[in-house]
Amino acid sequence: SYFTSSGHVAQPRAATAVKLAGWLNVASVHSPPAIDFVNGHAVGPERRVQSYIDLSEHMVAYAKAHKGQSILFGGDWNEGSRSTGYGSPSWIAEKAGMKKAGNGRIDWAMAKGAKITTVKVGPHGGSDHRLVTYTVKR
């Protein structure tokens, strides 16, 4: 856990996962904020960095536990798809054998055993993030 900017304790992050259409394991990502990957290293408040890395390690473990199955990780990474270093989204993709479908922002997806196409960034719709939609095919 870590402290928010208002001093409250934020609980450790977990990705909610479901199976869609009987073939695609989907996990919704919401990584801790205020983390940057600089020169291959996570930089930010110590507890947030640890929470980010813990979540990344769990996502890799999930992918390895579902070997041979189609997986999609998507959502708010609070980091672009090009970041590198231990625990970064690129590290997850490499270790889990996934392909990134980043849009240059912090909300995007990666998949294995599935192809992500037609990525569109829409309006905010009342959120602090724009709606990102995409098509997923086997």
Side-chain angles (χ1 to χ4, degrees):
S1 65
Y2 59 87
F3 295 99
T4 66
S5 60
S6 61
H8 294 95
V9 174
Q11 295 302 313
R13 300 297 171 125
T16 302
V18 297
K19 185 172 273 193
L20 294 179
W23 69 274
L24 182 61
N25 295 291
V26 177
S28 176
V29 177
H30 188 203
S31 298
I35 303 300
D36 287 310
F37 287 84
V38 179
N39 297 323
H41 298 284
V43 177
E46 183 179 350
R47 287 180 143 184
R48 288 184 192 214
V49 167
Q50 190 58 54
S51 186
Y52 201 109
I53 290 172
D54 288 348
L55 177 60
S56 297
E57 289 171 342
H58 282 93
M59 293 174 74
V60 169
Y62 177 89
K64 289 181 177 182
H66 292 82
K67 187 176 180 179
Q69 297 181 36
S70 298
I71 299 173
L72 183 140
F73 294 152
D76 178 3
W77 297 88
N78 275 310
E79 187 68 28
S81 61
R82 295 183 188 102
S83 63
T84 61
Y86 187 88
S88 71
S90 294
W91 177 83
I92 295 170
E94 178 186 336
K95 296 296 180 187
M98 302 178 82
K99 184 174 179 178
K100 300 177 287 181
N103 59 13
R105 300 172 195 229
I106 63 172
D107 303 302
W108 53 278
M110 66 173 73
K112 75 172 186 174
K115 184 175 182 180
I116 300 170
T117 62
T118 321
V119 177
K120 294 182 183 177
V121 178
H124 286 94
S127 172
D128 61 339
H129 294 260
R130 293 187 177 276
L131 176 66
V132 179
T133 60
Y134 40 87
T135 301
V136 181
K137 297 179 181 179
R138 281 187 185 206

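Heavy atoms only: backbone and side chains are in, while hydrogens, waters and symmetry mates are out. Numbers for residues simply follow the sequence, beginning at 1.
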For this session: Take Asn78 and His30 through the side-chain contact (heavy atoms from CB on, under 4.5 Å) test and state the conclusion after the steps.
Result: CA-CA 8 Å; Asn78 275 310; His30 188 203; 4.2 Å; yes
For this session: Using a cut-off of 6.0 Å, state whether more than 12 heavy atoms not belonging to Lys19 lie near its atom NZ.
Result: yes
For this session: Report yes if the side chains of Tyr86 and Ile53 come closer than 4.5 Å at any heavy-atom pair, otherwise no.
Result: yes
For this session: State, yes or no, whether a side-chain contact exists between Trp77 and Met110 at a heavy-atom distance under 4.5 Å.
Result: yes
Kindly list each side-chain donor-acceptor pair under 3.5 angstrom involving residues 65-72, sequence neighbours excluded, with atom names and distances?
from: His66; atom 1: ND1; to: Tyr62; atom 2: O; distance (Å): 2.8
from: Gln69; atom 1: OE1; to: Asn25; atom 2: ND2; distance (Å): 2.8
from: Ser70; atom 1: OG; to: Gly113; atom 2: O; distance (Å): 2.7

Exercise. Does Arg105 reach the side chain of Val132, with side-chain heavy atoms less than 4.5 Å apart?
Worked result: no
Seminar exercise, completed: Closest non-hydrogen atoms of Ala63 and Ala96, given as atom of the first, atom of the second and distance, are CB-CB, 3.5 Å
Exercise. Nearest heavy-atom pair of Phe37 and Thr84: which atoms, and what distance?
Worked result: CB-O, 3.5 Å
For this session: Taking all non-hydrogen atoms of both residues into account, name the closest pair between Trp23 and Lys137 and its distance.
Result: CH2-C, 3.8 Å
Exercise. So, do Lys115 and Val136 sit near enough that their side-chain heavy atoms are less than 4.5 Å apart?
Worked result: no
Problem set entry | Side chains of His129 and Ile106 in contact at under 4.5 Å (non-hydrogen atoms) | yes
Exercise. What are the two closest heavy atoms between Ile92 and Ser56, and how far apart are they?
Worked result: CD1-OG, 3.5 Å
Exercise. Which heavy atom of Ser90 sits nearest a heavy atom of Lys100, and at what distance?
Worked result: OG-NZ, 2.8 Å
Exercise. Are Leu20 and Phe73 co-members of a hydrophobic cluster defined by side-chain heavy atoms under 4.5 Å apart?
Worked result: no
Exercise. Quick one: does Val43's side chain get under 4.5 Å of Val49's, heavy atoms only?
Worked result: no
For this session: Please check if Met98 and Ile116 belong to a single hydrophobic cluster, counting links between Ile, Leu, Val, Met, Phe, Trp and Tyr side chain heavy atoms closer than 4.5 Å.
Result: no
Exercise. Are Val26 and Leu55 co-members of a hydrophobic cluster defined by side-chain heavy atoms under 4.5 Å apart?
Worked result: no
Exercise. Is Ser83 close to Pro89 at the side-chain level, that is, under 4.5 Å between some pair of heavy atoms?
Worked result: yes
Exercise. At their closest point, which heavy atom of Trp108 faces which heavy atom of Glu79, and how far apart are they?
Worked result: NE1-O, 2.9 Å
